[in-house]
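Counting starts at 1 for both ligands and their atoms, in listed order. Keep in mind the model is a prediction, meaning the values are calculated, not measured.
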Amino acid sequence: MKLIVDNITDETGDIRSFRLVSPDGAALPQYEPGAHIDVTGPTGVMRQYSLCGPLDDVHAYTIAVKKETASRGGSAALHDAVRIGSVLEVGVPRNLFALDAGAREHVLFGAGIGVTPLLSMAYRLLAQGGNFTLHYFARAREYAAFADLLDAPPFAGKVRFHYGVRGADMAHYLQACLDAADPQAHVYTCGPAPFMDAVVACAARSRPEEAIHLEHFKAVETASSAPGGDGDAAFDIRLASSGKVMQVPPGVSIVDVLSQAGICIDTSCREGICGTCVVPLLEGEPDHRDNCLSKKEKAANDQICTCVSRARSGLLVLDL
Ligand code: FES
């Protein structure tokens, strides 16, 4: 979709929100809380951003973008070159970070710009009368995007702000937050990797994996994720429909081998975080190297992220 920027708001010194609408004013495809969209900026760089506007704002998508100091053309271009009236190319919403409909309580932990998908969840839970608390960690209030919104009705009382918590004290704070919740409550987290790791470590002491939900927006290196690294050996893939077998050499992705054979799989991030390239798997043991499938999905071994994952067995049979 090509959408027009109809509003820009400076949420903090380095976080700016953009409201995007259709040129003809039509309603946009709906999404569930936690969903994100691909946004291609003026430099042609595509990035994923969580949708964080009110869910009843059906004519717009709102995203918030932090200007990264080490930006490779994604966030900096959106801050520096995009104005009201600019046109951005946007993908349809995808959701890898959904609320669990069966949970009777939800505890949301966001840090910094990681609050954005949780804001969308908070809108939905408020509308449903759901039982939830959003814990929002930031260096100080001036760094906390949407702090005024979250500090006022209808969010007031549902959001706890934690400013300036030092790394050494984080586990203690997180434990206190969890102690205040039902032991059955589901936990959701988004933010810098060390923060999410701390939340997961703390929550895992009292909850099963299925009750802990997280979303990565940057690829996390796994032990064998670097091409040529440990376990990066050649293997074969077979297409279930035609029986055609192809070899995936070291350092080449499954999706590239398929592409060379004329089979195009949609991709977006090519880093194992967006889930666009996931395909069904019928046989073989995958070496999951992505950050988009959940642990449960990985354990099922019935789908594979073809841009980064490889094989532990000599052959994978893809349902293609
Ligand atoms: S293209 Fe994003 S996970 Fe593969």
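In terms of protein heavy-atom proximity, atom 3 (S) of ligand 1 is closest to G275 N, 3.2 Å.
For the pair G243 and R238, the tightest heavy-atom approach, listed with the atom from each and the gap, is O-CG, 3.5 Å. Contact detail for L293 and D290: the closest heavy-atom pair is N-OD1, 2.8 Å.
Every atom of ligand 1 is numbered from 1 in the order shown, and the set under 4.0 Å from a heavy atom of S268 is 1 (S). Interface atoms of ligand 1 facing C305, defined by a heavy-atom separation under 4.0 Å, are 3 (S), 4 (Fe). When each atom of ligand 1 is checked for a heavy atom of G272 under 4.0 Å away, the hits are 3 (S). Numbered from 1 in the order shown, with element, the atoms of ligand 1 that lie under 4.0 Å from a heavy atom of R270 read 1 (S), 2 (Fe).
Our summary of the site lists the angle at atom 2 (Fe) of ligand 1 between SG of C269 and SG of C274 as 100°, to the nearest 10 degrees.
Of the possible donor and acceptor atoms, one in the side chain of Y188 sits under 3.5 Å from a partner among the backbone N and O of D100. The closest donor-acceptor contact from the side chain of H79 to the backbone of V65 lies under 3.5 Å.
At least one N/O/S atom of C277, whether from backbone or side chain, sits less than 2.8 Å from atom 4 (Fe) of ligand 1. In summary, no N, O or S atom of C307 is located under 2.8 Å from atom 2 (Fe) of ligand 1.
Using a 30° and 60° split on the angle between ring planes, Y61 and Y31 fall in the perpendicular class, above 60°.
Of the N and O atoms on the side chains of R94 and T276, at least one donor lies less than 3.5 Å from an acceptor on the other residue.
Using a 4.0 Å cut-off between a side-chain N of Lys or Arg and a carboxylate O of Asp or Glu, K244 and D236 do not qualify as a salt bridge.
Judged by the shortest distance from any of its heavy atoms, I273 lies inside the 4.0 Å radius around the atoms of ligand 1.
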